[in-house]
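What follows is a short report on a single structure.
From a predicted model like this one, the values you see are computed outputs, not experimental measurements.
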Amino acid sequence: MSAPRRPLGLAQLSLLNTAPPQLVAIAAEARFDFIGARVRPVTPTERPYDLQPGSPMLRETLARMADTGVAVRDIEFLLLDGTDQRDAWLAMLEAGQALGAASLTVAASDPDTGRLADTLARMTEDGRSYGVVPTLEPISYQAVNSIPAAVALARSSGCNVVLDALHLNRFGAVPGSAQWQDLEANLDLVPLLQLCDGPAQRPADRAALVAESRSERGVPGEGGFDLAAMVNVFPADRAVSVEVPSDSTVARLGELGWARKLKEAADTVLQAAGHLQKAGTQ
């Protein structure tokens, strides 16, 4: 019996300016299994993508998905800031249900942990009607910036946790650390790991962390992160997505060229993780 194959996706942030229908087509051509779709912009300068039920872009995206077999697994992105954002997330959940997505990625700038837990619990309850589970991403420069904090909130609210190799490295949750042991004990909460690479050295300040995260990350396998060891801790069928924004490289290689480069790099990392897994079971 062959080993389960790990689903591999292309995150929207890798090609932020590529609308979801085109992202599906590019992902298919580069041989990814799924994409992440940004149904709500993060910054005012971002191009918004209207994927609400009834929109032309949703129809086109669904048609491309049907033609190619590429799925939308996750949607994004909402920063929970302590205000009433229920209207925003209900609209996102509607788009997610229409796309067949399983999760909605959120992060938190709200420093009030009790209020944040209540918000996440309400959001998770709302998500049940749409078949979409909120996934909390711990981010190095936001209020929830560690594995223990994310796990505690997820356990209390019923949501999941999505992990990003960049932020894991930036807040010190690397293989062998205490936070990594905490992760290993809570793998059931994590449906998706996002891959990228970068220098082992953490940027000097918050502004540099934000700039690195949003616009200039490294190709998997070309930096200082131990990605194979990270992937290896997850079950062999757990999904991985490549989230590597690099405005300069997209300009040079083009959208499809960049997607193909990321696919090849991710395949190499997954192969190395597979060798580690095999070695550990012998």
For [Y], does its backbone N or O pair with a side-chain atom of [X] as donor and acceptor, under 3.5 Å?
X: D197; Y: G221; result: yes
X: E137; Y: H167; result: no
X: R238; Y: L187; result: yes
X: W258; Y: R252; result: no
X: Q52; Y: A91; result: yes
X: Q194; Y: S241; result: no
X: D112; Y: R115; result: yes
X: T135; Y: P191; result: no

Where [X] and [Y] come nearest, the two heavy atoms and their spacing:
X: C159; Y: L120; value: SG-CD2, 4.3 Å
X: Q12; Y: A37; value: OE1-CA, 3.9 Å
X: P20; Y: M57; value: CD-SD, 3.9 Å
X: L16; Y: Y49; value: O-OH, 2.7 Å
X: V269; Y: P220; value: CG2-CB, 3.9 Å

Taking side chain to side chain donor-acceptor pair (under 3.5 Å) as the cut-off, I'd like each qualifying pair that reaches into residues 19-34, sequence neighbours left out, listed once.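 Every pair satisfying side chain to side chain donor-acceptor pair (under 3.5 Å) with a residue in residues 19-34: R5-D33, Q22-E60.
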Kindly write out the residues that satisfy side-chain hydrogen bond (donor to acceptor under 3.5 Å, both in side chains) with E46, not counting sequence neighbours, or none if the list is empty.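 Checked E46 against side-chain hydrogen bond (donor to acceptor under 3.5 Å, both in side chains); matches are R38.
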Over 12 foreign heavy atoms within 6.0 Å of CG, D87: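 For D87, atom CG is not crowded (no more than 12 foreign heavy atoms under 6.0 Å).
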Side chains of [Y] and [X]: any donor to acceptor distance under 3.5 Å?
X: R170; Y: N145; answer: no
X: E216; Y: S248; answer: yes
X: E255; Y: T18; answer: yes

Is there a path of hydrophobic side-chain contacts, each under 4.5 Å between heavy atoms of I/L/V/M/F/W/Y residues, joining [Y] to [X]?
X: L13; Y: F77; result: no
X: I35; Y: V250; result: yes
X: L51; Y: L78; result: yes
X: F34; Y: M92; result: no
X: V133; Y: M123; result: no

Any Lys/Arg nitrogen of [X] or [Y] sitting under 4.0 Å from an Asp/Glu carboxylate oxygen of the other?
X: R217; Y: E243; result: yes
X: D126; Y: R86; result: yes
X: R214; Y: D247; result: no

Any chance you could lay out the side-chain contact (heavy atoms from CB on, under 4.5 Å) test for I26 and F32, step after step, and finish with the verdict? CA-CA 9 Å; I26 288 166; F32 284 95; over 6 Å; no
Is any side-chain heavy atom of Y141 closer than 4.5 Å to one of S213?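 A side-chain contact exists here, since the closest heavy-atom pair is under 4.5 Å.
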